[in-house]
Amino acid sequence: MKQTLLGQVAVVTGSSRGIGRAIAQRLAREGAVVVVNYRQSQEAAKVVVDTIRGQGGQAEAVSFDVSDAQAVNHAIRDIFNRHGRLDILVNNAGGTLDQLLLRLREDEWERVLRVNLTGTFLCTKAALRWMLRAHYGRIVNISSVASHLGNVGQTAYAAAKAGIEGLTRSLAREVATRNITVNVVAPGFIATDMLEQLPDVLKQAYLQLIPMGRWGKPEEVAEVVVFLVQPAAAYVTGQVIGVNGGLYM
Ligand SMILES: NC(=O)c1ccc[n+]([C@@H]2O[C@H](COP(=O)([O-])OP(=O)(O)OC[C@H]3O[C@@H](n4cnc5c(N)ncnc54)[C@H](O)[C@@H]3O)[C@@H](O)[C@H]2O)c1
């Protein structure tokens with residue numbers, strides 16, 4: 001099969017595990033040179049890189065915290081300088097800190113917004129500079145079904161993810177004439193470490209609500225991301241695509 005992303009350079013934030021790892025592996029299978037970003041888990045990132053290389057793909061691990069502007073700018077510039085291009089950015093790094101609003105401290109609220117929303121802003125701004133020069137780019141931001149349905153204990157997380165969707169639509173308009181697309185993939189409940197953190201009783205309750213009656217797989221999210229970053233998906237921008245087994249429609 002023809003590889004559709006041959007020679008392209010892709011950065012996937014937070015890709016040492018979970019959904020990010022599946023996206024990194026899938027992009028590599030399409031021929032992209034994949035930058036596996038991680039914050040602390042160097043060992044896990046190395047395993048992802050080794051797996052990709054073992055399958056004949058190209059990857060490297062690069063550490064930076066998406067919420068640290070200086071670190072992001074430095075890393076993205078360095079990636080561009082070494083490869084001479086940056087075609088694809090997937091803003092996947094994120095996390096939640098569940099707490100009822102009345103108990104949610106201001107510093108906790110800010111931490112959740114910082115990683116999910118500000119992190120997406122910082123990485124996008126750093127990468128966009130190079131994409132604008134090239135008159136080409138594909139940006140995919142990972143949101144969540146929580147931003148559409150709401151979720152008890154996730155006011156900060158849902159606000160951050162809804163913010164990502166607003167950012168996406170506005171930026172899509174700003175860069176549309178430059179062959180740069182900006183879209184959102186909004187996963188439902190996907191079987192990763194994040195899901196493991198939920199109490200069993202909550203998991204059972206959520207499962208009842210999913211028309212397909214099962215959790216999603218990271219690979220099923222990756223498949224939609226790969227579609228959106230194709231050169232052929234040039235006319236799809238500013239969209240939010242759910243991967244949620246029918247949980248929200
Ligand atoms: N798993 C789900 O059910 C689900 C549902 C909806 C949305 N999502 C979203 O999908 C994305 C991936 O989630 P996941 O389930 O794979 O979770 P995960 O916790 O397994 O992975 C998140 C990754 O982001 C990294 N990360 C966190 N903060 C970072 C920072 N400041 N800088 C760099 N990396 C950082 C983590 O180290 C981790 O590798 C997240 O944005 C999450 O909000 C997940």
Side-chain angles (χ1 to χ4, degrees), residues 11-26 35-49 61-76 89-98 110-124 126 140-151 153-154 156-165 167-168 184-198 202-203 206-207 209-210 212 214-222 224-225 240-245 247-248:
V11 175
V12 185
T13 65
S15 51
S16 61
R17 66 174 195 228
I19 294 171
R21 174 174 59 196
I23 294 170
Q25 289 175 339
R26 187 66 184 81
V35 175
V36 176
N37 159 251
Y38 66 97
R39 189 178 36 172
Q40 284 157 343
S41 7
Q42 188 177 11
E43 276 303 299
K46 191 176 171 302
V47 172
V48 178
V49 167
V62 175
S63 170
F64 60 88
D65 180 335
V66 297
S67 67
D68 177 342
Q70 239 190 325
V72 168
N73 288 334
H74 180 272
I76 299 284
L89 170 67
V90 183
N91 285 305
N92 165 80
T96 180
L97 195 163
D98 290 3
E110 274 165 2
R111 210 174 335 145
V112 174
L113 263 82
R114 181 98 205 149
V115 172
N116 291 280
L117 182 56
T118 309
T120 296
F121 159 71
L122 293 172
C123 294
T124 301
V140 178
N141 299 323
I142 306 298
S143 149
S144 167
V145 73
S147 74
H148 308 136
L149 285 176
N151 207 4
Q154 294 197 330
Y157 182 68
K161 294 302 196 185
I164 287 174
E165 295 181 9
L167 178 158
T168 299
V184 165
V185 171
F189 291 100
I190 309 299
T192 68
D193 291 355
M194 192 181 239
L195 190 71
E196 282 308 307
Q197 291 163 16
L198 286 179
L202 259 187
K203 280 202 257 185
Y206 286 143
L207 210 46
L209 300 173
I210 303 171
M212 286 192 180
R214 66 169 178 89
W215 309 123
K217 300 176 195 152
E219 294 74 21
E220 291 171 322
V221 179
V224 178
V225 174
V240 177
I241 303 186
V243 184
N244 58 36
L247 176 60
Y248 175 80

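Counting starts at 1 for both ligands and their atoms, following the listed order. If you're wondering where the values come from, they're calculated on a predicted model, not measured in any experiment.
The heavy atom nearest to atom 4 (C) of ligand 1, out of those in Cys123, Ser147, Ala44, Gly188, is found in Gly188. Remark: among candidates Thr192, Val221, Asn244, the nearest residue to atom 1 (N) of ligand 1 is Thr192, based on non-hydrogen atoms. For atom 18 (P) of ligand 1, the choice among Arg17, Arg114, Gln40 with the nearest heavy atom turns out to be Arg17. Checking Asn151, Asn92, Val185, Ile142 against atom 41 (O) of ligand 1, the nearest heavy atom belongs to Asn92.
At a heavy-atom cutoff of 4.0 Å, ligand 1 is contacted by both the backbone and the side chain of Ile190. Of all the heavy atoms of Ser143, the ones lying under 4.0 Å from any atom of ligand 1 belong exclusively to the backbone. Of all the heavy atoms of Arg21, none lies under 4.0 Å from any atom of ligand 1, so neither backbone nor side chain is involved. Contact annotation: for Tyr157 versus ligand 1, heavy atoms closer than 4.0 Å belong to the side chain alone. Neither the backbone nor the side chain of Thr96 has any atom closer than 4.0 Å to an atom of ligand 1 (non-hydrogen atoms only). Both the backbone and the side chain of Val66 come within contact range of ligand 1, each with a heavy atom under 4.0 Å.
Here the straight-line distance linking atom CZ of Phe189 with atom CE of Met212 works out to 15.5 Å at 0.5 Å rounding.
Counting heavy-atom neighbours within 6.0 Å of Lys203 NZ, excluding the residue itself, gives a total above 12. Within a 6.0 Å radius of CD in Gln42, other residues, nucleotides and ligands contribute 12 heavy atoms or fewer.
Note on Glu220 versus Arg26: no salt bridge recorded, every NZ/NE/NH1/NH2 to OD/OE distance being 4.0 Å or above.
Annotation for Thr192 and Pro218: closest pair CG2-CG, 4.0 Å, computed over non-hydrogen atoms.
Ligand 1 lies within reach of Val115, whose nearest heavy atom is under 4.0 Å from it. Taking 4.0 Å as the cut-off, Trp215 does not count as a neighbour of ligand 1 on heavy-atom distance. Ligand 1 lies less than 4.0 angstrom from a heavy atom belonging to Ser16. Using a 4.0 Å heavy-atom cutoff, Leu195 is absent from the residues neighbouring ligand 1.
Between Ser144 and ligand 1, no pair of N/O atoms sits closer than 3.5 Å. Residue-to-ligand polar distances keep Asp193 apart from ligand 1: every N/O pair is separated by 3.5 Å or more. Close N/O approach between Ser15 and ligand 1 is not found [any backbone or side-chain N/O within under 3.5 Å]. Considering both main-chain and side-chain atoms, Lys161 comes within under 3.5 Å of ligand 1 through a nitrogen or oxygen pair. Checking only distances, Asn116 never comes within under 3.5 Å of ligand 1, N or O to N or O. On a distance-only criterion, Ile19 and ligand 1 share at least one N/O pair closer than 3.5 Å.
Judged purely by distance below 3.5 Å, without hydrogens or angles, the side chains of Thr124 and Asn91 pair a donor atom with an acceptor atom.
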